[in-house]
Amino acid sequence: MSHENEVKIEPGNLPYLIEMHKKEIWEWKQRESEHIKTQNLLDGSKKIIDELSAKIVEQIRMITELNNKNIELKKELAKLKK
């Protein structure tokens, strides 16, 4: 019973298999490193979006307050002109 990916381990094949295994481990570490970089970038982007969203909400609140204050002042001015 043989599998297509199976390699016979013979004394001469062992150094080759070790090198192949080391290469495969290195490739997986590279992929993991890229994944970590991408995850960090995503987390940073999410944080920036959250901060900007909070600032926008605060500015909308301030604009609403200023508009209301502006309306009040216009009413007071109109009363004073009468």
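Nothing here was measured: the structure is a model prediction, and the numbers come from that model.
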statement: Residue set satisfying salt bridge (charged side-chain N to carboxylate O under 4.0 Å, His left out) with Glu34, at least two apart, ordered chain then number -> Lys37
Once rounded to the nearest 0.5 Å, what's the spacing between atom [atom1] of [X] and atom [atom2] of [Y]?
{"X": "Asn13", "Y": "Ile18", "atom1": "CG", "atom2": "CD1", "result": "11.0 Å"}
{"X": "Ile60", "Y": "Lys55", "atom1": "CD1", "atom2": "NZ", "result": "14.5 Å"}
{"X": "Lys47", "Y": "Ser45", "atom1": "NZ", "atom2": "OG", "result": "12.0 Å"}

field: Inter- and intrachain pairs under side chain to side chain donor-acceptor pair (under 3.5 Å), touching residues 64-81, at least two apart
entry: Arg61-Glu65
task: For residues 17-31, pull every pair meeting side chain to side chain donor-acceptor pair (under 3.5 Å), keeping only residues two or more places apart or in separate chains.
output: none
- prompt: Which other residues end up in the same hydrophobic cluster as Leu52, if Ile, Leu, Val, Met, Phe, Trp and Tyr are linked when side-chain heavy atoms come under 4.5 Å apart?
  reply: Ile48
query: Excluding sequence neighbours, so at least two apart, what forms side-chain hydrogen bond (donor to acceptor under 3.5 Å, both in side chains) with Gln39?
result: Asp43
